[in-house]
Every structure is written in C-alpha cells, then in structure tokens.
*Asks:* 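Have a look at this one before I ask anything.
Here is the naming used below: chain letters follow the sequence lines, and residue numbers restart at 1 for every chain.
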Number of protein chains: 2
Amino acid sequence: MYSLSEENYLKAIYHLSNNGEESVNTNAIAEEMKTAPASVSDMIRKLSKKKLVNYQKYRGVTISSKGKYIALNVIRKHRLWEVFLVEKLSFKWDEVHEVAEQLEHIQSNQLIERLDEHLGFPKFDPHGDPIPNANGEIAPIPTTTLSMLKPGDKCRVICAKDSSSDLLVYLDKIKISLGARLEVTDFHAFDGSFSLEVEGANPITISSKVTENIIVEEL
Amino acid sequence: MYSLSEENYLKAIYHLSNNGEESVNTNAIAEEMKTAPASVSDMIRKLSKKKLVNYQKYRGVTISSKGKYIALNVIRKHRLWEVFLVEKLSFKWDEVHEVAEQLEHIQSNQLIERLDEHLGFPKFDPHGDPIPNANGEIAPIPTTTLSMLKPGDKCRVICAKDSSSDLLVYLDKIKISLGARLEVTDFHAFDGSFSLEVEGANPITISSKVTENIIVEEL
DNA sequence: TATTTTTTTTAGACAAATCTAAAACTTATA
DNA sequence: TATAAGTTTTAGATTTGTCTAAAAAAAATA
C-alpha cells in the first residue's frame, strides 16, 4: 500500500509533531530520519500529493488524519512486536527496538490482529508506551517527567521517553523499572541532578538528562 | 547485507536448481519471479560479481556454496515463521505462505534463534518440508510421489510439494493431512487418476496433478 | 548444414529514493 | 529596514531494480 520509506516518514512526522498536534520543519525531519534536507523536501511533496500531510512550501508540514491513521498503525505494529519479543522470546527491553523497526512494516492485518490476541491484547509496550488500537486510537501519554518533581515528592515510573538502548541499559543498572516507586530526596541546582530513594534498591543520584526522560505519575 | 531482491533470486535459483544440484536457465527464473527475462540477466550478472552464483553468458547459472548458504538461511526463516503462524497464531497451513514471504527477510540472528527455541526446534514446517539448521544444513526431501505408486501400495503422507493455497485447501477438503495413511485401490490409465482409501475418511479419486504433488513414504 | 525458432543478452529508458551544490525564501540581527 | 544567517527548495546526478525492443547466440529442424 505505502512504501517502507513513506511509512517511516509518516511515523517520524507523527512523533516530531507531538502526536500530530504541531507543525514540523524540514530540518527536524532530516535529522530524525538521518537523511539530507533535500530528500525530505522531495518526500514531503510526494506525501502531500497523496493527502497524507498538509504542506505549503517553506511553511513546514502537519500530518493529515489519513497520515496519522497510517502512522498509528505502524506504531501499533511496532509496539505489539516489542511486546512479543520481550514476553515470548525473552528479549530485554533495550534489545527490541531495531528488530521492531523491521517487523513494523510487515503487511497483514490478520497477522497483527492474531498477534494482539496471542499476547492477550496488551495496552502498553515494554517501555510503557501505550499501544494504539486497530482504529488508530491511542491513550494519551502522561507528561510529567521526573525532572518536574521536588524533594519530598513520591512517584511511580510510567514509561521511558527515549527508547535508545543506552538509556534503558542504564535504567536497568540502577534498578529503575516500569512501575518502580521513587521518592525525590534532594535536588542539586548546580547541574540539575536528583537524588532518589528507589523502593527495594540503594539510593542514587542521577543527571537531569535522565530525569527528563522518565515519565512518572505523582503519588 | 543482501537486498530483498537478491535474497529472492537466490531462493528461486536454489529451488529451481533442485536444491543447488542443477543449472538453471534465465527463462525459468523469469517465470518463477514473475519478471522479464532481461531483468533476470541483469540480476544474474550482479549476483555473479558477488560470487553468489556461477555464470557464463548464454550458459545458465548454478548457485555457489555462498549463495546456497544465503538461500538456505532465508528458507530456514521462512519455514520457522510458518511454524510460528500455524502453531502460535492458529493460521491454517494454506494461509501462511504470503506472510512468511515477508517475514523471511527480517534480519536478526538473535530473533531467529530465539524463535526456533520458542517453537521447540521444529524439524519440519506445516507443509512437511524440512527446516534447515543455522549452518545451512537441510535434511534430504524424499522423492517418492503418490503418483509413483501402484494399486495395493500403502503409504504415509510426508509433505505437499506445492505450497499453493489451492492445493492445500483441496487436501484439507479431502482429509489428506501430513502423516495420513493411504492405500491405492485403483489406477485409471485414461487420465492418470488414482482411487484411494484414506484412513479415517471416505474413499476418493484424485487427479494425476494432485498425486504428483504429494510426497509419500511407502509402507 | 542451412535456416528457422527459441533463448538470452544488450541498449536505452523509467520510477523510487537518495545525494550534493546552488538558488530561493524566511527569520534574525545590526 | 537592509543585511546576514539559517532554512528550504530546486536542479541535476546516482543507485537499484525494473521494463521494452532489438541484437546476438544457441538450439531445433528441415
């Protein structure tokens, strides 16, 4: 139906536009896709012709509802495959992204609906991100990051914002997993780092770069 | 590593060459790949440059050991995914081919080795074809077809030679499944059809086109 | 063996997705 | 508000895999 490249562009635009809310500029897409800005212009024109994005030259792009539907379908497949890899094939949460990037492009509704069923209709992927349903509807992602909390605040970890292997391996190392309960014990203004109590583990201090990438629910 | 197209050509050449034994001609490949003979010439030259096939102009191609290894790896993946679809996702044996054609190109050794383990290291796919191991070694496929038997002969069904949906749906309908025990009761010279007793089902008469596509073990 | 038929290859073109370099446009700044 | 800086687009090429039409080679046949 749509090429691998088209699907990847739509997914990138969806993510960069804050889930379809905002307009995205060419350079941002180029950086996300690790491609030249000129290539982005070409592809945008193509997607625009197919009504998958709204586009005016030099004015950035917004994703159309048709484009959003396709993007969410690819994201659905990506996240369901991630659940499969972790739950059924014992992959670690930091090992699944690359393979899921390939599996997300397999075309078969029957396959994905049966996979969903086989996995028990999961609502979240191994990083805590919500899985869109077959109609392209997705639960809102909470926006509170650990970095927004103050000393004394308690929270529960909801999801990792960045699914890069580096972050996930680090979180494993310091025993912060999804659902973990944390308490902020101190904030260090000098570099923005936080000291935390982690339920069932040793107290730790982590950088602002990390706290900005942990989505939490305040308790 | 190798493009989707290259993998598909190698797979086609492997199959057409009787598992790497014989030389294959351009037109046969073109027909198998549903492409123009000219395209085949182009691709063969490319595969030859990469030492995946041995090729002399106008003389046909043979697959090299490197090419055979790649083809068998793709076939391994294809058949493991077919087992997955049937065993874990309840696909019927006639529904798996198309999806497996996509899944066979996913690149990840970790994925395929874990899938193999998850499935309990199956030796045969849902059509009875042997699954190559990770070293590209494959069990020989028996060559006796039902069409070679005589009235009075008894046999067990080993595999379906053709994995087209049409044949498989038909075999289901007449209750011939893998492992089924059959007895040839009559041969009709006029059209080559066979009358059979099927253990646990009604006697049937089937055409030569079908008997030629059922691999059996004589009992 | 000469000729016809079939098979295979080459020549030249095309579409998709990418690139670099240069031009055009927008935004920021003096 | 003119100019500089940054962003985006166009122009023109390249690579991969495909095509059609024509030429070349091999095989079949008279």
*Asks:* Among the nucleotides D:dT18, C:dC19, D:dT8, which one has an atom lying closest to any side-chain atom of B:Met43?
*Replies:* D:dT18
*Asks:* Roughly, in whole Å, what's the span from CG in B:Asn27 to P in D:dA25?
*Replies:* 18 Å
*Asks:* Can you see whether B:Ser195 engages B:His188 through a side-chain donor-acceptor pair at a distance of less than 3.5 angstrom?
*Replies:* yes
*Asks:* Quickly work out the B:Glu31 CD to C:dT6 P distance and round it to whole Å.
*Replies:* 15 Å
*Asks:* Let me know the distance between CD1 of A:Ile29 and C1' of D:dT8, rounded to the nearest Å.
*Replies:* 11 Å
*Asks:* Go nucleotide by nucleotide along DNA chain C from the 5' end; which of A:Val40 and A:Lys57 gets its closest nucleotide reached first?
*Replies:* A:Val40
*Asks:* What contact category does B:Ser5 fall into here, base, sugar-phosphate, or nothing, at under 4.0 angstrom with non-hydrogen atoms?
*Replies:* sugar-phosphate
*Asks:* Classify the ring geometry of A:His118 against A:Phe84: parallel below 30°, tilted from 30° to 60°, perpendicular beyond 60°.
*Replies:* tilted
*Asks:* Between B:Ser39 and D:dT18, is there a contact of a side-chain N or O with OP1 or OP2 at under 4.0 Å?
*Replies:* no
*Asks:* From the options A:Asp125, A:Asn133, A:Asp116, select the one residue that forms a side chain to side chain donor-acceptor pair (under 3.5 Å) with A:Arg76.
*Replies:* A:Asp116
*Asks:* Given atom CD of B:Gln56 and atom P of C:dT8, what is their separation to the nearest angstrom?
*Replies:* 14 Å
*Asks:* What is the distance, rounded to the nearest whole Å, between atom CZ of B:Arg45 and atom C1' of C:dA11?
*Replies:* 11 Å
*Asks:* Would you mind classifying the nucleic acid contact of B:Asn25 as base, sugar-phosphate or nothing, using non-hydrogen atoms under 4.0 angstrom?
*Replies:* sugar-phosphate
*Asks:* Do the charged groups of B:Lys77 and B:Glu82 touch, with an N to O distance under 4.0 Å?
*Replies:* no
*Asks:* Check this one for me: any side-chain N or O of A:Tyr55 less than 4.0 Å away from OP1 or OP2 of D:dT9?
*Replies:* yes
*Asks:* Can you tell which of D:dT8, D:dT18, C:dC19 lies closest to the side chain of A:Tyr58?
*Replies:* D:dT8
*Asks:* Using whole Å, what does the distance between atom C1' of nucleotide D:dC19 and atom CE of B:Met33 come to?
*Replies:* 15 Å
*Asks:* Answer yes or no: does a side-chain N or O of B:Thr35 lie under 4.0 Å from OP1 or OP2 of D:dT18?
*Replies:* no
*Asks:* Expressed in angstrom and rounded to an integer, what is the separation of B:Lys34 atom NZ from D:dT18 atom C1'?
*Replies:* 17 Å
*Asks:* How is B:Thr26 classified with respect to the nucleic acid when contacts are heavy atoms under 4.0 Å: base, sugar-phosphate, or nothing?
*Replies:* sugar-phosphate
*Asks:* Go through C:dT18, C:dT10, D:dA27 for me and flag the one nearest to the B:Arg59 side chain.
*Replies:* D:dA27
*Asks:* I'd like to know if the side chain of A:Ser64 pairs up with that of A:Asn54 as donor and acceptor (distance under 3.5 Å, no hydrogens or angles considered).
*Replies:* no
*Asks:* Roughly, in whole Å, what's the span from OH in A:Tyr2 to P in C:dA16?
*Replies:* 14 Å
*Asks:* If you check the B:Ala38 side chain, which of D:dT8, C:dT10, C:dT8 turns out closest?
*Replies:* C:dT10
